[in-house]
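Counting convention: from 1, in listed order, for ligands and their atoms alike. Model, not experiment: these values are computed from the prediction. Residues: numbered from 1 along the sequence shown.
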Amino acid sequence: MWKISVFYLLITVGVNFVHGNVQADDIRYFLWNRDTNQERISINNYGNNIDRNAPVKILIHGWMHDINSFWYSNTRQAYVASGANVIAIDWSRHSQQIVAISINRLPNLGEFVAKFVLGLSESQGIPMTRIHILGHSLGAHLAGFAGKSTQRMGGRTLGRITGLDPADIGFTNAVSTQRLDKSDAERVDTILTDAGIGGAGINRSLGHVNFWPNGGIAVQPGCFYYPCSHNRAPIYFTEGILSDLFVSTLCSSYTQYFWGTCRNNPRNIMGERTNFQVTGDFYLTTNVRSPFARG
Ligand SMILES: *[C@@H]1O[C@H](CO)[C@@H](O)[C@H](O)[C@H]1NC(C)=O
C-alpha cells in the first residue's frame with residue numbers, strides 16, 4: 001500500500017512540475033560488433049559499420065543506470081561473439097531522476113528509440129523482425145513504449161522484446177498501453193526474478209513467454225541484498241545467450257511445478273533461444289552462482 005501511495009504522490013509531482021522534456025540528443029547510442037567498438041551513432045546517422053546481415057540487439061538499462069550498467073558488458077560480449085550488432089543505449093539524462101519523473105518520460109523516450117529503430121531498419125535494409133530490444137527494469141517498459149511507437153509512427157512491428165525483470169512500481173495494475181505488453185513486438189519474452197513482496201520486479205505475465213526462475217521470488221538463490229534478485233534477470237539471460245541449458249517447464253504455478261504436477265508439460269529455453277511457438281508461463285530452478293543453469 002505505502003508503495004502505491006508514494007508512487008501516486010511522486011507521479012503527481014512529476015506530472016505537474018517537471019513535465020516530460022525529452023530531446024533526441026538526450027539518448028545516446030553506441031554500436032559494437034566484430035568491426036567496431038563503442039561507436040557513437042544516432043538517429044539517421046548509423047555510420048558504416050553496421051553488419052547488415054546480422055541481427056541487431058539493442059540494450060536498455062534501468063532506473064539510475066547509464067552506459068556502465070552492470071549487465072551491459074557481459075551481454076554485449078556474448079552477443080558480439082555470436083556475430084550480432086549490439087547497440088547499447090544510455091538514457092541516463094532521464095533515468096537519473098526521481099523515479100516518477102523517469103516513468104513519466106518513458107512514452108516520450110520510447111518515441112525517440114522508435115525513430116532510431118525505424119531509421120536503422122530503413123537505411124540499413126535490416127528487417128524489423130531481426131531487431132531485438134532487451135530492457136531491464138524501467139528499461140523493459142521503455143522497450144515496450146518503443147515497440148508501441150514503431151507501430152504507431154511507422155506501421156512496423158519490432159521482432160522481439162525481452163523484458164528483464166520489468167519494474168513493478170506504477171506498472172502492476174497499468175493497462176497495456178501504459179507498460180510493456182505482448183502486443184509491442186512479434187515476440188515478447190520476460191524473465192521475472194524479483195516479483196515477491198518488497199521486490200522491484202513485476203508479478204505479472206506481460207509476454208508471450210514468461211520465465212519464472214525459482215518461482216520469480218524476490219530473494220533469488222545466492223542473493224542477500226537488494227538489488228541482487230532484480231539484477232539476476234539480465235545475468236540469467238546473458239548466460240542463456242551462449243547456452244541452451246535453462247530448460248523450463250510450462251506450468252500454472254511454481255508450487256505445481258515444484259510438486260512435479262507439470263513434469264510432462266512442454267519445455268522451453270530461457271535466454272536467446274526461447275521458442276515462441278510454445279507460449280505461457282515457464283518455471284525452472286537455478287544454481288546459486290554462475291553457471292546458473294541446471295539443464
Ligand atoms: C504473484 O502473485 C500471485 C497471485 O497473487 C501469488 O500467488 C504469487 O505468489 C506471487 N508471486 C511471487 C513471486 O510473489
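A side-chain contact (heavy atoms from CB on, under 4.5 Å) with Ile133 is found for exactly one of Leu59, Ile89, Thr162, Val113, namely Val113. Evaluated for a side-chain contact (heavy atoms from CB on, under 4.5 Å) with Leu31, the options Asn85, Asp51, Val56 yield exactly one hit, Asn85.
Contact atoms of ligand 1 toward Gly215: 13 (C) (distance under 4.0 Å to a heavy atom of the residue). Of all atoms in ligand 1, listed by their number and element, those nearer than 4.0 Å to a heavy atom of Gly216 are 13 (C).
The closest donor-acceptor contact from the side chain of Lys148 to the backbone of Pro107 lies at 3.5 Å or more, if one exists at all.
Protein heavy atoms all stay at least 4.0 Å away from atom 4 (C) of ligand 1. At a distance under 4.0 Å, no protein heavy atom can be found next to atom 9 (O) of ligand 1.
Atom 11 (N) of ligand 1 has its closest protein heavy atom at Asn203 ND2, 3.0 Å. Considering only non-hydrogen protein atoms, atom 14 (O) of ligand 1 sits nearest to Gly196 CA, 3.3 Å.
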ask   = Can you check ring pair (Phe, Tyr, Trp, His ring centres under 6.0 Å) on Phe70 and His61, steps first, answer last?
value = CA-CA 9 Å; Phe70 70 96; His61 62 73; over 10 Å; no
request  = Output, in order, the C-alpha distance, side-chain angles, deciding distance and verdict of side chain to side chain donor-acceptor pair (under 3.5 Å) for Asn214 and Thr286.
outcome  = CA-CA 7 Å; Asn214 310 295; Thr286 67; 3.0 Å; yes
